[in-house]
Amino acid sequence: MMIQMLKLEEQQSLGEACCTLSGIVTKPNRSLTLDLIRREESVSSTHSQHCGKLTVHAEECFSSKSTADIILRCIDLESKDLFSKSDPFLVISKLVESGISIPVCKTEVLKNDHNPTWKPVFLNIQQVGSKDSPLVIECFNFNSNGKHDLIGKVQKSLADLEKLHLGREGENLYLPTLVGHNYKNKILNSKLLVDKFSETVQHTFLDYLAGGFELNFMVAIDFTASNGNPCLPDSLHYIDPSGRLNAYQKAIYEVGEVLQFYDADKRYPAWGFGARPIDGPVSHCFNLNGSSNYCEVQGIQGIMMAYTSALFNVSLAGPKHCLDM
């Protein structure tokens with residue numbers, strides 16, 4: 001399963017909230033509601049604006065590597081819009097010991113559809129507790145003002161959803177309705193069906209290591225003149241007499257220090273590009289260690305030494321600099 005990461009710099013910040021873990025777990029129901037604050041910076045002052053609330057719930061998790069792949073659909077949904085069909089979506093929540101429900105998954109909104117089939121949802125067994133833990137599946141009609149109408153709901157566990165899939169049967173939605181001073185569940189003609197239910201094991205990084213998995217760490221360094229004159233402190237290739245690492249040395253060291261433990265022989269291919277070796281044309285790929293036969297160096301320190309040596313023995317592609325020899 002591929003997970004697409006959001007580009008945070010392209011997203012609009014709705015607000016932020018800070019708390020400590022102890023502030024959550026010491027609450028009676030392990031839930032803490034915080035005010036979201038959006039900070040608006042100006043030349044003269046910094047203003048804080050309240051813009052909603054965020055509820056954080058903490059619970060102890062038990063290890064499980066199984067994930068349920070589920071396709072859900074509904075039939076005969078009742079209309080909540082006056083002049084058009086409903087725009088339904090599902091919210092799946094788990095019930096915790098305190099009785100509150102915690103949303104764990106939400107489907108996409110399907111426009112003008114009384115018989116919607118949503119894209120697959122993936123629920124980790126650990127995420128919901130166990131296959132027998134109760135889940136509340138609510139079907140809402142989307143409203144742009146954020147006040148979504150509840151069309152109907154069911155309460156089922158993952159085990160129940162699997163049975164619905166195997167039996168090819170639907171489950172009638174119900175709607176809590178106020179009768180007198182009490183709420184009663186009104187059974188609807190609308191049904192929830194499970195078109196797919198399968199379980200897969202999501203192996204962890206430790207599982208891969210136990211199976212003999214290794215990482216191959218390879219380094220390619222940009223020696224083009226766009227990095228700046230190595231003689232000047234603002235260059236990414238500047239060799240500081242005080243010993244402070246430049247940008248490339250930091251990247252090599254910090255990444256390499258983590259990855260080196262997952263490569264048994266610790267021999268790393270290392271190349272440079274965008275530079276002119278001594279008495280040669282500009283090369284778009286050369287061995288960082290200066291060899292014409294092999295590209296590997298020994299350990300992170302070997303990469304650092306090869307990089308420093310290359311800096312003193314090549315010309316950056318572009319204007320000459322003081323390290324040229």
Side-chain angles (χ1 to χ4, degrees), residues 1-11 13 16 18 41 65 202-325:
M1 177 179 63
M2 297 296 292
I3 299 177
Q4 185 175 0
M5 301 299 290
L6 290 174
K7 296 180 179 179
L8 294 182
E9 66 275 7
E10 297 179 2
Q11 312 306 312
S13 174
E16 62 182 56
C18 297
E41 296 185 1
K65 300 173 185 177
Q202 300 293 318
H203 294 289
T204 66
F205 185 57
L206 293 179
D207 292 331
Y208 282 102
L209 291 179
F213 174 80
E214 287 193 20
L215 294 177
N216 293 321
F217 180 42
M218 297 176 286
V219 176
I221 297 177
D222 180 1
F223 282 94
T224 58
S226 61
N227 288 279
N229 188 335
C231 296
L232 302 177
D234 61 352
S235 170
L236 298 179
H237 286 304
Y238 179 65
I239 300 298
D240 195 322
S242 69
R244 185 176 60 180
L245 302 181
N246 65 27
Y248 282 98
Q249 289 171 321
K250 285 181 180 178
I252 294 168
Y253 182 78
E254 292 177 3
V255 176
E257 279 291 293
V258 174
L259 299 183
Q260 66 173 332
F261 300 105
Y262 306 109
D263 190 329
D265 64 6
K266 292 182 172 50
R267 295 193 63 82
Y268 309 123
W271 301 280
F273 63 92
R276 181 180 293 104
I278 298 175
D279 300 326
V282 174
S283 174
H284 299 297
C285 185
F286 59 91
N287 295 331
L288 201 63
N289 59 14
S291 171
S292 58
N293 299 319
Y294 62 94
C295 62
E296 291 185 333
V297 297
Q298 184 66 45
I300 303 304
Q301 193 59 37
I303 301 175
M304 301 287 265
M305 293 174 61
Y307 165 65
T308 304
S309 177
L311 262 183
F312 283 90
N313 288 282
V314 300
S315 298
L316 273 63
K320 294 287 184 178
H321 58 80
C322 64
L323 293 180
D324 288 351
M325 297 180 66

message: Just by distance, no angles: are the side chains of Tyr238 and Asn227 close enough, under 3.5 Å, to form a donor-acceptor pair?
response: no
Worked check of ring pair (Phe, Tyr, Trp, His ring centres under 6.0 Å) between Phe205 and Tyr262: CA-CA 11 Å; Phe205 185 57; Tyr262 306 109; 5.2 Å; yes
- prompt: When you check the side-chain N and O atoms of Asn293 and Ser291, is any donor under 3.5 Å from an acceptor?
  reply: no
statement: Distance col, row Leu311:CG vs Leu288:CG, nearest 0.5 angstrom, shows 8.5 Å
message: If I compare all heavy atoms of Val297 with all of Ala270, which pair ends up nearest, and what's the gap?
response: CG2-CB, 4.5 Å
- prompt: Which word best sums up how the rings of Phe286 and Phe223 line up, parallel for under 30°, tilted for 30 to 60°, or perpendicular for over 60°?
  reply: tilted
Exercise: identify the closest heavy-atom pair between Gln249 and Leu245: OE1-CA, 3.4 Å
- prompt: Measuring from Arg267:CZ to Gln298:CD, what's the distance to the nearest 0.5 Å?
  reply: 5.0 Å
message: Run Asp207 and Lys65 through side-chain contact (heavy atoms from CB on, under 4.5 Å) and show every step you take.
response: CA-CA 11 Å; Asp207 292 331; Lys65 300 173 185 177; 2.9 Å; yes
task: Let me see the working for Arg276 and Val314 under side-chain contact (heavy atoms from CB on, under 4.5 Å), right down to the final yes or no.
output: CA-CA 5 Å; Arg276 181 180 293 104; Val314 300; over 6 Å; no
task: Determine whether Ile303 and Tyr253 make a side-chain contact, defined as any pair of heavy atoms from C-beta on separated by less than 4.5 Å.
output: no
task: Might you confirm whether atom CE of Met305 has over 12 heavy atoms from other residues, nucleotides or ligands at distances under 6.0 Å?
output: no
query: Does the separation of the ring centres of His203 and Phe213 fall below 6.0 angstrom?
result: no
statement: Heavy-atom nearest pair, Cys295 first then Trp271, reads CB-NE1, 3.5 Å
- request: Please report the shortest heavy-atom distance between His237 and Leu316, naming the atom on each side.
  value: CD2-CD2, 4.1 Å
query: Between CG of Asp265 and CD of Glu214, what distance do you get to the nearest 0.5 Å?
result: 7.0 Å
- prompt: Looking only at heavy atoms, which two atoms of Gly228 and Ser235 are closest? And how far apart?
  reply: O-OG, 3.1 Å
- request: Check whether any side-chain heavy atom of Phe217 lies under 4.5 Å from a side-chain heavy atom of Ile300, and answer yes or no.
  value: yes
- prompt: Can any side-chain N or O of Asn289 pair as donor or acceptor with the backbone N or O of Ala306 at less than 3.5 Å?
  reply: no
- prompt: Are Tyr307 and Ile221 side-chain neighbours, meaning at least one heavy-atom pair lies under 4.5 Å?
  reply: yes
Side-chain touch Tyr248/Leu236, heavy atoms, less than 4.5 angstrom: yes
- prompt: For Gln260 and Lys266, which heavy atoms make the closest approach, and how far apart are they?
  reply: O-NZ, 3.4 Å
task: Flag the pair Asn246 / Ile239 as yes when at least one side-chain heavy-atom distance between them is below 4.5 Å, and no otherwise.
output: yes
